[in-house]
Amino acid sequence: MPEAFFPILVAAQGGALVPVLIAVFVTAIVTAIVAIIVSMKVLVPLRMKEYEAEVGSAEQRSKEIIDDANRSAQKIAATAKKEALLEAKEEALRAKNESDREIKERRAEVQRYEKRVTQKEENLDRKLESLEKKEARMTQKEQDLDRKLEEANEYCDKQIAELERISGLTSDKAKEYLLNSVKEDVKHETAVMIRELESEAKETADKRAKELIVNAIQKCAADHVAEATISVVQLPTDEMKGRIIGREGRNIRTIETLTGIDLIIDDTPEAVILSGFDPIRREIARIALEKLVVDGRIHPARIEEMVDKAQREVENIIREEGEAAVIKTGVHGLHPEMVRLLGKMKYRTSYGQNALKHSIEVSLLSGLLAGELGADVRLAKRAGLLHDIGKSVDHEMEGTHVQIGIDICKKYKESPVVINAVASHHGDCEPTSIISFIVQAADTISAARPGARRETLDTYTNRLNQLEDIANSFKGVEKSFAIQAGREVRVMVIPEQVSDDDMVLIARELSKKIESELEYPGQIKISMIRESRVTDYAK
């Protein structure tokens with residue numbers, strides 16, 4: 001502890017400590033401040049001089065460093081420049097060598113091209129020279145040909161003139177004569193060929209027809225086929241046959257063309273046979289031919305006139321027969337077209353039974369049965385009269401006479417009861433009223449009564465057996481059944497041997513074979529049945 005503090009401590013011990021302490025601190029502070037000021041005035045200039053000396057030394061050092069750096073940079077730049085120059089020179093040398101090499105290659109390639117072009121030019125020159133020589137030769141040949149052609153034309157003209165002088169005909173007349181001669185020869189040869197084909201067809205048709213007729217005569221001694229397919233016109237004399245035939249057969253061809261009926265003029269005395277399966281056309285031909293025979297003037301124009309008159313007369317007969325059937329049965333309110341269709345049934349037959357008479361008979365029987373059972377008599381007669389209306393057009397439209405009859409009745413707004421009777425009279429659908437059952441029974445009675453139809457039991461069963469035999473002849477067919485009086489055949493096939501696609505092919509082939517081998521009325525429906533069954537027993 002400094003000795004200056006001892007009086008303070010002694011004074012403090014004496015009891016006057018605070019004032020003494022304050023005076024001591026103040027004195028110390030002042031002394032310190034003065035010391036600091038003195039030191040600042042002395043030390044600051046000294047430090048400034050030292051600092052300035054250090055700064056000057058640092059500036060000098062930095063200048064030296066910068067100078068050294070500049071000298072180093074100059075040395076490096078000079079070195080780099082030399083290296084860059086060397087590299088540039090080397091690159092330029094390489095580029096020059098590369099360009100020289102490419103120039104040499106290009107020059108060699110150009111020389112090759114020039115050589116080839118030169119060769120091609122030489123070849124072209126040679127070809128051009130050859131073509132010029134050929135053209136000169138062709139020109140010479142053309143001139144020679146023209147000269148020879150002129151000579152040939154002159155020679156031909158001389159020959160034609162000589163031929164015209166000798167024959168007395170011009171060239172145009174000679175051509176016309178030659179063409180006419182060739183045309184006549186061709187016509188003759190064509191006619192001979194047609195006659196041969198017609199003769200061959202007639203011989204084949206006659207042979208087949210005779211076989212069918214012999215088979216029919218053996219099984220049924222009836223004249224159904226003759227009555228159903230031919231008509232006979234009586235002539236006053238046999239000389240009328242030549243007039244019917246006409247010059248070169250023009251009259252008979254006109255009649256056959258206008259009526260669609262074949263005229264058979266044979267050795268039958270004073271008679272001409274009209275053959276055709278359409279009875280209405282056959283009747284028109286019969287009436288027209290009878291009128292021509294009575295008139296005596298037979299030529300194409302007169303034939304056409306008489307055929308038109310016969311058509312109108314047959315139309316009147318059809319309408320009158322339809323009206324007579326309506327009056328006889330007491331069925332009124334029918335559409336005029338349906339009355340006309342009923343009249344057309346006069347010329348339709350079914351197994352020898354007239355279709356119109358059969359319909360009238362069914363109508364009357366239906367009325368009697370309805371009266372006995374207490375049903376609607378008028379409706380029963382109407383349904384019975386119309387039950388076979390489809391037979392009047394079944395040869396003109398596709399489908400069975402039942403379906404055609406349904407369509408006609410629907411078209412002319414017949415009642416549902418009548419439509420169902422028409423649809424169900426052959427069992428094609430289920431009857432829905434007592435009238436339908438009555439019409440079924442009346443139809444069966446009319447067809448089954450003695451003398452109504454001429455098809456014998458042997459003929460009927462033989463046709464069904466033939467139908468089943470044809471169906472059974474196909475591979476994969478297990479068995480077949482002819483049903484609905486031969487209007488449908490149901491064929492059962494073996495499912496392991498016949499697929500669904502095979503069924504379609506078999507049905508098509510079967511229909512074609514039936515058409516070619518079997519004689520039948522209307523259409524035959526073919527139903528193919530393929531069924532797989534599995535049977536097991538639980539024990």
Side-chain angles (χ1 to χ4, degrees), residues 204-205 207-209 211-216 218-220 225 277 350-351 387-388 390-391 394-395 397-407 420 422-432 436-437 440 443-444 447-448 453 455-539:
T204 306
K207 183 178 180 181
R208 178 62 176 163
E211 291 177 357
L212 294 174
I213 292 172
V214 169
N215 292 333
Q218 289 176 348
K219 296 176 182 177
C220 175
V225 174
F277 289 99
S350 179
Y351 302 105
H387 81 286
D388 270 346
K391 288 184 177 180
D394 59 356
H395 73 293
M397 297 173 61
E398 293 184 355
T400 63
H401 76 279
V402 175
Q403 184 60 46
I404 295 172
I406 294 170
D407 295 339
N420 180 255
V422 173
S424 62
H425 76 278
H426 280 312
D428 294 326
C429 68
E430 291 295 328
T432 58
S436 299
F437 289 102
Q440 277 187 354
D443 181 44
T444 304
R453 297 190 175 183
E455 185 180 37
T456 64
L457 180 61
D458 292 338
T459 304
Y460 174 74
T461 55
N462 184 44
R463 181 161 57 86
L464 297 187
N465 290 333
Q466 287 181 352
L467 183 60
E468 292 180 353
D469 292 339
I470 292 174
N472 292 331
S473 65
F474 286 85
K475 183 179 179 181
V477 174
E478 184 177 5
K479 52 188 175 181
S480 60
F481 304 97
I483 61 176
Q484 292 196 14
R487 287 188 293 272
E488 180 179 357
V489 56
R490 293 183 180 176
V491 183
M492 310 288 292
V493 299
I494 303 172
E496 292 80 10
Q497 298 181 6
V498 180
S499 64
D500 291 341
D501 295 335
D502 295 335
M503 288 174 58
V504 178
L505 300 177
I506 291 175
R508 184 174 181 81
E509 293 176 2
L510 177 57
S511 64
K512 291 182 178 179
K513 192 170 184 180
I514 291 174
E515 290 173 358
S516 61
E517 297 184 6
L518 191 64
E519 297 290 335
Y520 56 91
Q523 293 182 340
I524 296 178
K525 179 181 178 182
I526 299 172
S527 299
M528 305 293 295
I529 300 173
R530 179 175 181 266
E531 183 180 13
S532 298
R533 292 188 182 184
V534 177
T535 304
D536 200 354
Y537 297 94
K539 300 180 181 178

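What's counted below: heavy atoms across the whole structure, side chains too, no hydrogens, waters or symmetry copies. Starting from 1, each residue takes its place in the sequence as its number. These figures come from a predicted structure and were not determined experimentally.
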- Can you tell me how far CD of Glu531 sits from CE of Met492, rounded to the nearest 0.5 angstrom? 6.0 Å
- Measure the CG-CD distance between Asp469 and Gln466 for me, rounded to the nearest 0.5 Å. 7.5 Å
- Which heavy atom of Cys429 sits nearest a heavy atom of Asn420, and at what distance? SG-ND2, 4.1 Å
- Message: Quick check against the 3.5 Å criterion: does Glu468 have a side-chain atom that pairs as donor or acceptor with the backbone of Ala482?
- Response: yes
- Atom pair CG/CZ of Asp502 and Phe474 - distance to nearest 0.5 Å: 12.5 Å
- Tightest non-hydrogen contact, residues Gly405 and Val422, listed as C-CG1, 3.9 Å
- Can you see which heavy atom on Val491 is nearest to which on Ala471, and at what distance? CG2-CB, 4.0 Å
- Residues, nucleotides or ligands: over 12 heavy atoms within 6.0 Å of Glu430 CD: no
- Going from CE on Met528 to CG on Leu510, what distance comes out if it is rounded to the nearest 0.5 angstrom? 7.0 Å
- What are the two closest non-hydrogen atoms of Glu478 and Ile494, and how far apart are they? CB-CG1, 3.9 Å
- Would the number of heavy atoms belonging to other residues, nucleotides or ligands and lying under 6.0 Å from NZ of Lys513 be above 12? yes
- Message: Using only atom types and a distance under 3.5 Å, with no angle test, would you say the side chain of Arg490 pairs donor to acceptor with the backbone of Phe481?
- Response: no
- Task: Enter the distance from Lys391:NZ to His401:NE2 here, rounded to the nearest 0.5 Å.
- Result: 4.5 Å
- Message: Could you report the tightest heavy-atom contact between Val498 and Lys475, atom names first, then the distance?
- Response: CG2-O, 4.3 Å
- Minimal non-hydrogen separation, Asp388 against His425, with atom names: OD1-NE2, 3.2 Å
- Query: Do Ile470 and Val489 have side chains that get closer than 4.5 Å, going by heavy atoms?
  - Reply: no
- Task: Report the residue from Ile506, Ile514, Leu467 that forms a side-chain contact (heavy atoms from CB on, under 4.5 Å) with Ile526.
- Result: Ile514
